[in-house]
Structures are given as C-alpha cells and as structure tokens.
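Taking it in order: structure first as structure tokens, then the write-up.
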2 protein chains.
Amino acid sequence: MNNGVNTGDAPKNFHSLRERILERRDLFPKRLSQVAAFALDNADEMAFGTAASIAARAHVQPSTLVRFAQSIGYAGFSDLQAVFRERLRERPSTYDERLEALRNDANRDSSVAILGGVIAAAQYSVESVSSAIGSQAFEKAVKALAAAETIFLVAQRRSFPIASYLAYTLGKLKVKNQLVSSPFGIESEQMAFATPRDAAIAISFSPYAAPSMEHARVLSQAGVPVVSITDSAFSPLVPLSQHWFEIAEADFAGFRSLSASIAFALALAIAVGEERTRIKK
Amino acid sequence: MNNGVNTGDAPKNFHSLRERILERRDLFPKRLSQVAAFALDNADEMAFGTAASIAARAHVQPSTLVRFAQSIGYAGFSDLQAVFRERLRERPSTYDERLEALRNDANRDSSVAILGGVIAAAQYSVESVSSAIGSQAFEKAVKALAAAETIFLVAQRRSFPIASYLAYTLGKLKVKNQLVSSPFGIESEQMAFATPRDAAIAISFSPYAAPSMEHARVLSQAGVPVVSITDSAFSPLVPLSQHWFEIAEADFAGFRSLSASIAFALALAIAVGEERTRIKK
DNA sequence: ACGGAGGTGGAATAAAAATTCCAATTATTA
DNA sequence: TAATAATTGGAATTTTTATTCCACCTCCGT
C-alpha cells in the first residue's frame with residue numbers, strides 16, 4: 001500500500017537529500033524539477049517557509065510540493081521540510097555572536113578568553129576574505145605573477161611572516177622568487193636585477209613600514225608589475241600597484257592576527273603555481 | 001485597545017530581543033522567567049519547534065508562551081518565533097558544505113576556486129582550534145612562558161613565519177625573546193645563553209625539520225621549559241616538551257595554510273603579555 | 001487525429017497549530 | 001486573616017497549514 005512510491009528510503013540528512021535530488025534531476029517532470037531547483041537554491045526558504053509561501057515563490061501549487069516530497073520518498077511535505085530544518089541546526093553560530101558572548105564573559109581576561117577572542121576574530125577575518133576579493137581581480141593578478149621570471153617579495157615587520165611564507169611556498173612550487181629583505185642592507189642591490197619581465201608582491205599594513213614603501217616604489221619605477229596585499233584602499237601601496245587586494249583583519253583587543261592574509265597568500269601562491277603548469281603545457 | 005501591553009516596540013532582531021529579555025530578567029513572574037531562560041538557552045529550539053513542543057520542553061503551557069511573547073510586546077508567539085528564525089538565516093553555511101560545493105564546482109581549477117578552497121580550509125582549521133585546545137593546558141603554558149626571562153623561538157622552513165610573527169608580537173609586548181635562526185649558523189651560540197629560568201616555543205609540522213628538533217633537544221636538555229606547537233600527538237617535539245599543543249590544519253589540494261597556527265600563536269603571545277603585566281602588579 | 005497515461009491546478013478537506021478564555025491557584029496587601 | 005490582584009493550567013476555539021481529491025490538460029505513441 002505505497003502507491004508505487006518508495007517509502008522508507010527517504011534521505012535522512014540534507015547531504016543525501018541533495019544527492020538524491022541531483023541524481024534524479026532529469027527524471028522529474030516539469031513542475032517537479034522547478035521545485036527541485038528551487039529547493040536546492042533556496043534551502044533557507046525551504047526550512048522556514050510554509051507550503052503555501054514556498055509554493056508561491058517557486059511558482060507552483062502547494063500540492064506540487066507534496067507530490068515532490070512523495071516522489072523522493074517522504075510521506076509528505078512536512079517530512080521533507082524537517083530535513084531542511086535539521087541542516088540549519090548544525091550550523092555554527094556567527095562570529096559576531098561569539099565575540100559578543102566573549103565581551104560579556106565573566107572571566108573575560110583569563111588566558112582562555114584571549115584564545116577564544118583571537119580565534120573568533122581570525123574566523124571573522126577569514127570569512128570576510130571570500131566576499132571581499134573580486135574574482136576577476138584575482139585572476140588577473142595570478143596571470144601577471146605567473147608570467148614573471150622572478151617574483152620579488154617586499155615586506156617588513158608585521159607583514160614579514162607572510163612574505164617568508166610566500167617565499168617558502170613559491171619555492172616549493174618551483175616558482176623563482178626573491179625575498180627583498182636581509183640583515184645586510186643590500187635590498188637595493190637585490191632589486192637592481194629586477195626588470196619589467198619580473199613581478200613583485202608587496203605586503204604592508206597600517207602603519208605602513210617606510211622601507212616597504214621605498215622598495216615598492218623602486219620596483220614600480222623600474223617597470224616591474226606590483227601586486228599589493230594591504231588593508232585599505234587608501235594605503236600608500238595602492239598607487240604603486242597594478243593589482244591590489246584589501247584584506248581586512250578583525251582585531252581582538254587591538255591585536256590583529258594574520259590568519260586571513262596568510263590564507264590569501266597561500267591561495268595566491270598555489271594559483272600562480274597552477275597557472276604556471278598550465279602555461280607550460 | 002492594547003490590553004495594557006506595549007505593542008509596536010517589540011524587538012525586531014535577535015540581538016535586541018536578547019537585551020530586552022535580559023533587562024527584564026527580574027520582572028518576569030515565575031513561569032515567564034522559566035520561558036525567558038529556556039528561550040535564550042535554546043534559541044534553535046525556539047526557531048523550529050511548535051508552541052506545543054517548546055512548551056513541553058520548557059515545562060510550561062503553550063498559553064504561557066503566548067503570554068511571554070505578549071509581555072515583550074509581540075502580538076503572539078508566532079511573531080516572537082519569527083525573530084528566532086530570522087537569526088538562523090544570517091548564519092554562514094558550514095565549511096564542510098562549502099568544500100563540498102567546491103569539489104562539485106564546474107570551474108573547479110580556476111584561480112578563484114583555489115582561493116575559495118584555501119579560504120574554506122583555513123576557516124575549518126581556525127574553527128577547530130577552539131575545540132581542540134584544552135583551557136588548563138593553555139593557562140599552564142602561558143604561566144610558564146610568562147615566568148621566563150627570555151623566550152627562545154625555534155622554527156624552520158614552513159613554521160618559520162610563525163616564529164617570526166611571534167618574535168614581532170612578543171617584541172611589541174616588551175617580552176624579551178630570541179629567534180633561534182640565523183643565516184650565520186650561530187644557533188648553538190645563541191642557545192648557549194639559555195638557562196632553566198628561560199623558556200622556549202618550538203614550532204614544527206610534519207615533515208619535522210631536523211634542525212628544529214636538534215634545537216629543541218638542546219634547549220630541553222639544558223633544563224629550559226619547552227612549549228611546542230605541532231600537528232600530531234606523535235610529533236617528535238612532544239617528548240621534548242613540558243607543554244604541547246596540537247593544531248590540525250585542514251588541507252586544500254595538499255597545501256596546508258598556517259591560519260590556525262598563526263591565530264593560536266597570536267593568542268599565546270597576547271596571553272603571555274597579559275600575564276606579565278598581572279604578575280608585575 | 002485519437003486514445004491514454006502521466007502530470008497539473010485548484011478547491012475541498014483534514015490535520016495541526018496558535019490563540020483565547022475562564023476557572024483555579026498562588027501571591028500581595030490591608 | 002480576609003480581600004484582592006496577579007499568575008497559571010488547561011480545555012475550547014479559531015486560525016493557519018498541509019494534504020487529498022478530482023476534473024482538466026498535455027504530451028506521446030499509434
């Protein structure tokens with residue numbers, strides 16, 4: 001007595017539901033595919049809306065929603081909706097909320113509170129990178145760097161760890177690079193070898209270290225394409241750069257981590273490495 | 001015609017609702033405080049449950065929920081619930097989900113996909129730090145480091161950026177430190193000054209760089225307390241350390257970012273700085 | 001072009017849920 | 001301690017929401 005519908009094998013979690021829908025993508029009749037597409041694109045709506053409201057937004061009848069649910073194996077729409085609701089429960093809380101909670105925390109200046117705060121700030125910063133970076137800009141910068149013979153790395157003080165990480169990673173990827181920084185004061189001599197066929201990555205955050213600015217200026221004037229990683233559109237690095245990226249690191253008690261910047265730097269390095277292998281082929 | 005209830009001033013978002021409830025905490029009669037407490041502690045339940053199910057879990061009658069909502073200014077329970085639901089909409093999706101989406105992405109090996117993948121992995125790593133680090137262990141390590149005269153920093157290759165960041169940050173915090181790394185091969189001489197009144201932070205990830213191990217061993221044998229940051233409980237650093245922390249960085253296409261480690265390092269540095277000022281007082 | 005199976009819209013119905021109301025209980029004040 | 005007000009529990013009611021059902025349409029094969 002199951003009306004030709006497979007009951008009992010309905011997906012129990014969102015992940016498998018998604019897979020089920022995807023694998024049957026082409027088997028659904030018109031209105032049901034409409035629902036399928038809407039469901040996967042508007043998972044939140046599916047979790048919160050009523051059958052009527054969802055039906056309206058998906059331009060179908062409520063009864064179609066019920067049929068859709070049944071065609072997947074659920075008893076009705078309510079069972080299907082339960083899966084979408086369950087999904088939301090597993091989500092972590094937002095970082096704003098977590099930082100908020102820390103601010104009101106009783107033992108706020110214990111070591112553990114500091115750890116929690118720094119982590120939350122880092123989390124927030126990393127999160128914001130994905131939305132802040134434009135994809136065309138990133139692609140262009142990658143292409144420019146991949147075309148370079150040698151990549152010069154400019155950074156001082158707080159930004160230095162990022163440059164040293166780039167030096168390490170690029171080296172691993174067999175991308176020739178030169179860290180413009182030494183205890184001997186021979187930066188100028190290092191840069192003297194730079195030509196327009198090379199490129200540079202300059203990293204500096206407020207307060208912008210004077211030597212970094214100077215190095216970036218020298219390279220820029222030598223016709224070397226400069227890609228900048230900085231923290232503001234008004235950074236003095238911007239006018240010296242062909243490509244620039246703004247990474248906003250959230251602060252905790254005045255301290256800014258480098259989590260977002262270092263993740264971005266890694267992505268940049270990998271992307272350049274990938275692009276290189278693609279060119280060679 | 002408002003039955004003595006202030007309508008129209010009901011909080012519109014979760015944040016202000018929370019504040020409203022908190023500030024009236026003591027004005028609520030018994031059952032209503034019960035609901036208030038349950039609502040703030042089980043925000044997810046409030047979003048998804050029905051009046052009946054929530055009432056049951058909070059050990060009150062459904063009508064009490066309605067009264068609670070009205071006492072805050074809403075027309076009824078449904079309006080109150082809408083606020084809890086809205087809150088869930090703003091949450092970001094989980095990192096598992098995002099990585100999953102990237103794997104199935106059409107343009108999976110474009111530069112942008114790499115950026116997205118690295119960011120998601122970093123996000124995941126940072127997230128996991130907070131749950132992986134024990135609070136007592138952290139406090140103890142901070143105390144040990146705060147008591148030290150000089151903090152020696154041991155790291156090579158991939159871990160080096162973290163050590164250099166620690167050197168910078170600790171310096172800013174006026175905590176005396178010594179980066180055990182130089183282009184001159186004088187590391188042994190640097191470490192010769194170390195005494196049991198000092199301390200060390202050793203950072204190494206698989207594959208563990210031989211010089212780092214050697215340095216950590218020398219310091220450990222000189223009676224210097226060693227705090228290690230590494231990626232496994234079986235790391236060769238562990239037996240050499242008084243305190244050790246395991247930071248699991250998620251990888252993207254085989255590359256591991258340092259986002260989590262660097263956030264952890266910053267937290268450690270700040271906590272040590274804080275502890276120092278507390279001791280001096 | 002015809003017949004039929006599968007698909008669809010929409011009204012009718014059933015189920016579930018929120019809200020209201022009132023009697024009972026518990027606090028408060030004189 | 002009695003009178004009164006506030007709070008509460010729970011059944012009754014209303015509203016909202018999901019589901020079912022059936023007439024009609026569409027597309028496919030002959």
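What you see is a predicted model, and the numbers here were worked out from it, not measured in a lab. Note on naming: letters A, B, ... go to the chains in the order of the sequence lines (proteins, then strands), and numbering restarts at 1 for each one.
At the phosphate of C/dT19, neither OP1 nor OP2 sits under 4.0 Å from any side-chain N or O atom of B/Gln70.
Side-chain atoms of B/Ser259 and A/Ser259 include no donor-acceptor pair closer than 3.5 Å. Judged purely by distance below 3.5 Å, without hydrogens or angles, the side chains of B/Arg31 and B/Gln34 pair a donor atom with an acceptor atom.
Along DNA chain C, the nucleotide closest to B/Gly49 and the one closest to B/Lys30 are compared, and the more 5′ of them pairs with B/Gly49. Residue order along DNA chain D, read from the 5' end via each residue's closest nucleotide, puts B/Phe28 first among B/Phe28 and B/Ser63.
For A/Gln81, taking side-chain heavy atoms from C-beta onward, the closest of the listed nucleotides C/dT8, D/dA18, D/dT19 is D/dA18. Each of D/dA18, D/dT20, D/dT7 was ranked by its minimum atom distance to the side chain of B/Pro29; first place goes to D/dT7. Distances from the side chain of A/Arg31 to the nucleotides D/dT8, D/dT17, C/dT8 place C/dT8 closest. Which of D/dT17, D/dT19, C/dG9 sits closest to the side chain of A/Ser78 comes down to D/dT19. The side chain of B/Phe77 sits closest to C/dA18 out of D/dT8, C/dA18, C/dG10. The side chain of B/Gln61 has D/dG9 as its nearest neighbour among C/dG10, D/dG9, D/dA18.
The nearest whole Å value for the distance from the NE2 atom in A/His59 to the P atom in C/dG9 is 12 Å. For A/Asp79 and D/dT19, the CG to C1' distance is 12 Å, given to the nearest whole Å. Separating the CG atom of B/Leu65 from the C1' atom of D/dG10 is a distance of 14 Å, rounded to the nearest angstrom. Atom-to-atom, CG of B/Leu27 to C1' of C/dA27 comes out at 16 Å; the value is rounded to the nearest Å. To the nearest angstrom, P of C/dG7 lies 15 Å from CD of A/Gln34.
Between the base of D/dG9 and the side chain of B/Arg67 there is a donor-acceptor pair shorter than 3.5 Å.
Ring centroid separation for the pair B/Phe138 and B/Phe264 comes in under the 6.0 Å cut-off. Close placement of the A/Phe28 and A/Phe68 rings is indicated, their centers lying within 6.0 Å of each other.
Residue A/Glu23 places its CD atom among more than 12 non-hydrogen atoms of other residues, nucleotides or ligands, all under 6.0 Å distant.
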